[in-house]
Amino acid sequence: MSTLEAEPFWLRGPFAPVADEVTAHDLPVLGELPRELTGTYLRNGPNPKDSPSRHWWFGDGMVHGVHLEGGKARWYRNRYVRTARFHGTNLGPADGEDASAARARRLRGGGTSNTHVIEHAGRILSMVEAALPMQLDRELSTVGVFDFDGAVDTPMTAHPKRCPLTGELHFFGYQPIRPYLTYYIADAAGRVITKREIELDGASLMHDFAITRHHALFFDSPARMTRDWGDGMPFTWSDTHRTRIGVVPRAGGAVRWFDFEPGYLSHTANAFERDDGTIVLTGARCARFEVSPPFLYHWEIDLASGRTREGAIDERVVDFPRTDDRRTGQPHRYTYVVELCDFVGGTPTSARLRRYDAATGTSVAQDLGPQNVPGECVFAPRSADPSEDAGFLLSIVYDGARDGSDLVVLDAKNFGAAPLARVRLPQRVPFGFHGSWVPAAHAPS
Ligand SMILES: [Fe+2]
């Protein structure tokens with residue numbers, strides 16, 4: 001076996017890290033970029049800097065950005081997130097030092113900061129669930145750790161939710177010491193207005209969560225966090241720990257827990273409350289963490305009767321569900337996913353995008369062609385028109401034929417049709433995790 005074949009999947013082929021931080025202007029475009037798309041598409045992912053990472057999740061964060069303006073692709077940049085780990089800083093603990101001091105330093109070091117990147121209150125935040133977020137400027141240079149003016153002293157999830165009705169950013173932190181779970185709400189200006197401990201008897205892996213108009217939903221699974229982040233995955237599957245969803249009133253009040261079949265929520269698509277008060281959560285679910293593949297799934301909770309329902313929506317292997325973020329916490333129609341079709345040696349060699357339509361119960365595929373493997377797609381609204389299909393979908397697509405990557409733009413009204421445009425990027429973008437569309441009006445000045 002060659003050295004190449006001996007390397008784990010996340011260090012080779014389309015996953016392999018890129019060596020250079022590149023700035024390129026006026027990128028070639030195949031097709032026609034919509035002139036309404038003015039802003040920056042950002043995407044985070046692991047890009048191990050100095051030494052091989054021990055898990056796909058553990059590489060140093062690198063944010064890739066493509067700025068679109070008036071039908072042109074103005075620039076591409078990729079930048080490492082300058083965490084303490086990036087700089088090689090030893091975070092201790094020093095001899096005789098209290099462990100909590102070293103822990104606080106680790107949180108402020110930003111961890112790997114490799115999972116997601118969002119904009120809130122004019123700040124671009126790069127995030128990983130093991131640490132505090134790192135703030136970036138509009139050109140993706142690292143400003144430093146962001147702790148919401150000292151209000152957040154736990155790790156922060158990489159999957160916060162912005163409520164489109166209030167502008168609030170809802171998020172949480174979980175950790176293997178008390179408080180095991182903390183729920184935060186920051187207002188539209190980025191000030192933390194709620195910080196609440198959710199009582200648990202220990203931590204479980206909580207990669208994602210959900211909000212509805214009146215509630216936050218926490219998914220407690222048998223993937224128990226048995227130690228802190230460090231070498232390897234700190235989770236152990238417990239056959240005795242229940243799978244349950246905690247329903248937490250956003251405005252305060254008692255938490256209610258509801259039991260479900262054993263499973264793990266990989267990623268939330270969305271959640272909402274029906275008119276009768278029933279809570280519906282849709283997301284990618286694995287029957288068992290790191291063992292079973294994810295499928296699109298729904299969980300329902302009738303708060304009045306306490307009755308629950310659950311079930312798979314489809315039998316296809318899918319993950320990275322996204323919706324129009326303007327529907328977060330409200331009924332939505334469309335869910336966009338990456339459908340994983342084929343693997344060779346752990347590497348997805350065939351994948352396509354798929355859109356599920358909750359109104360018709362059908363789905364449609366977007367097959368980008370042979371050897372074209374898309375990542376998560378992000379919805380970008382066309383205008384103030386609130387229709388869920390009035391906009392575009394953006395995804396970085398790897399083209400194996402030329403070992404390069406494009407930013408592909410789809411018309412949401414014609415999801416299965418040929419892309420409107422492909423922006424040819426100046427280098428391959430390794431398969432990564434999550435991204436955001438930041439309209440120009442929201443970018444930091
Ligand atoms: Fe994620």
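Counting starts at 1 for both ligands and their atoms, in listed order. All values below were derived from every heavy atom in this structure, side-chain atoms included, with hydrogens, water molecules and symmetry-related copies excluded.
Protein N/O/S atoms found under 2.8 Å from the Fe ion (ligand 1), listed by chain and residue number: His159 NE2, His207 NE2, His267 NE2, His434 NE2.
With no hydrogens or angles considered, no side-chain donor-acceptor pair links Tyr80 and Glu21 at under 3.5 Å. For the residue pair Arg224/His241, the side-chain donor-acceptor check at 3.5 Å is satisfied.
Aromatic ring centres of Phe148 and Phe146: separated by under 6.0 Å. Residues Phe172 and Tyr184 keep their aromatic ring centres 6.0 Å or farther apart. Separation of the Phe15 and Trp56 ring centroids falls under the 6.0 Å cut-off.
Side-chain N or O atoms of Glu310 include none that pairs as donor or acceptor with a backbone N or O of His298 at under 3.5 Å.
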